[in-house]
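The structure appears below as structure tokens.
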There are 2 protein chains.
Amino acid sequence: MTDSSARGPVRSRGDLFSPACPTRKLLDRIGTKWISMAVKVLAEEAGELRFSQMQRQMAGISQKMLSVTLQGMVRDGLVSRRVEPVVPPRVFYRLTPLGLSLEEPLAALREWAEAHMPEIDDANQRYTQEETPA
Amino acid sequence: MTDSSARGPVRSRGDLFSPACPTRKLLDRIGTKWISMAVKVLAEEAGELRFSQMQRQMAGISQKMLSVTLQGMVRDGLVSRRVEPVVPPRVFYRLTPLGLSLEEPLAALREWAEAHMPEIDDANQRYTQEETPA
DNA sequence: CAGTATCCCAACGGATACTG
DNA sequence: CAGTATCCGTTGGGATACTG
């Protein structure tokens, strides 16, 4: 349920630190691993992908999570959904321009994560080491 | 996760799509709004901040969440923690070089969110509109 | 095939109270 | 001041079963 007074006077741009700032909630929506993977998969395809294709490529995602993730992305205008009304049905997903524009910052974050994974591992190692002296 | 040893170093790099890929979990850790805000606050300060100062600047964060967020960041080597052993104690947090390097991709994501907030609002509006024709 | 529905457990996260 | 501990409601997310 979105704010009833949507588009209301909130829109306090430039102030991410206000609890009322909607950007804050948005950050938590788009930063998840499932969104990140979905955008990546669809961006690499540069075209449409079917539900089952996506599930196959996003190894480990459950049917439920792929479903709710895609629904949310459609809602937010990140992907478009096209149904071929045959039996059995074929449903195709494609990034919108908006969704495509999200790939760049997400890719940066993904790359950071991959690049600095070893350092973070090491930091964790060191941390648990000294906190468990004997 | 049956793995009892704190954060199993599977280290299957290069394949974000493998369920075993640790980068996946990392993405969900660093992409949260609290991490994002903490990094931003500390990066803007370009120095140290005390616990209470951070809580004041990160409006709306609870004591608990700031605590667990900072603990996680210290464990991951993103921030360093310095205690002045006086009474009452003073604790200072500062970004490590690693943490500072995270600011760039996170800032990109934040900026994307702010920039495209209106479009996402509109998409949601349109969505709920057509799904609730009246 | 592409979902939806249900159950159920685990993690998130606020509120409050207590402590070195 | 800077936490920790506890309680507890909300959400995330897997497993399974069912349907158009």
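Phosphate proximity of C:dC1 to A:Ser52: absent, as no side-chain N or O sits under 4.0 Å from OP1 or OP2. Note on B:Ser67: every side-chain N or O is 4.0 Å or more away from OP1 and OP2 of D:dA2. Under 4.0 angstrom from either OP1 or OP2 of D:dG3 there lies at least one side-chain N or O belonging to B:Arg81.
Contact detail for A:Asp28 and B:Lys33: the closest heavy-atom pair is OD1-N, 2.8 Å.
Atom CZ of A:Arg90 and atom P of C:dG3 are 13 Å apart (whole Å). In this structure, B:Arg24 atom CZ and D:dG13 atom P are separated by 12 Å, rounded to whole Å. Rounded to an integer number of Å, the gap from CG of A:Leu66 to P of C:dG3 is 8 Å. Remark: C1' of C:dA2 and CZ of A:Arg82 are 15 Å apart, rounded to the nearest angstrom. The separation between A:Glu84 atom CD and C:dA2 atom C1' is 13 Å, rounded to whole Å. One can place CG of B:Asp28 at 19 Å from P of C:dA10, the figure rounded to the nearest angstrom. Rounded to whole angstrom, the span from the CE atom of A:Met65 across to the P atom of C:dG3 amounts to 15 Å. Rounded to an integer number of Å, the gap from CZ of A:Arg56 to P of C:dG3 is 14 Å.
Both A:Ser62 and B:Lys64 lie near DNA chain D, and the one whose nearest nucleotide falls closer to the 5' end is B:Lys64.
Annotated stems with DNA chain D as a participant read C:1-20 with D:1-20, given as range with range, by first number; only runs of 3 or more Watson-Crick or G-U pairs under 3.5 Å qualify.
Distance from the side chain of B:Arg50 is smallest for D:dA2 among the nucleotides C:dG3, C:dG14, D:dA2. Of the candidate nucleotides D:dC1, C:dC7, D:dA2, D:dC1 has the atom lying nearest to any side-chain atom of B:Pro88. Set against C:dA17, C:dG3, C:dG14, the side chain of B:Trp34 has C:dG14 as its closest nucleotide. In the set C:dG20, C:dA2, D:dT4, the nucleotide with an atom closest to the side chain of A:Pro89 is C:dA2.
Nucleic acid contact class of B:Gln71 (heavy atoms, under 4.0 Å, all strands): sugar-phosphate only. Among the atoms of the strands shown, only primed sugar atoms or phosphate atoms (P, OP1, OP2) are found under 4.0 Å from some heavy atom of B:Tyr93.
For the pair B:Val41 and B:Met58, the minimum side-chain heavy-atom distance is below 4.5 Å. Using a 4.5 Å heavy-atom cutoff, the side chains of A:Ile120 and B:Arg29 are in contact.
Using a 4.0 Å cut-off between charged side-chain N and carboxylate O, A:Glu84 and A:Arg82 make a salt bridge.
Between B:Met54 atom CE and B:Glu45 atom CD the span is 10.0 Å, to the nearest 0.5 Å.
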Between B:Thr23 and A:Arg110, is a side-chain hydrogen bond (donor to acceptor under 3.5 Å, both in side chains) present by the stated rule, with each step listed? CA-CA 8 Å; B:Thr23 306; A:Arg110 265 188 264 114; over 6 Å; no

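Not a single donor-acceptor pair under 3.5 Å links the side chain of B:Asn124 to the backbone N or O of A:Asp76.
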Side-chain donor/acceptor pairs under 3.5 Å, residues 91-102 of chain B, sequence neighbours excluded:
from	atom 1	to	atom 2	distance (Å)
B:Tyr93	OH	B:Arg81	NE	3.3
B:Thr96	OG1	B:Gly77	O	2.6
B:Thr96	OG1	B:Leu78	O	3.0
B:Thr96	OG1	B:Leu98	N	3.4
B:Thr96	OG1	B:Gly99	N	3.1
B:Ser101	OG	A:Trp112	NE1	2.9
B:Ser101	OG	B:Leu98	O	2.6

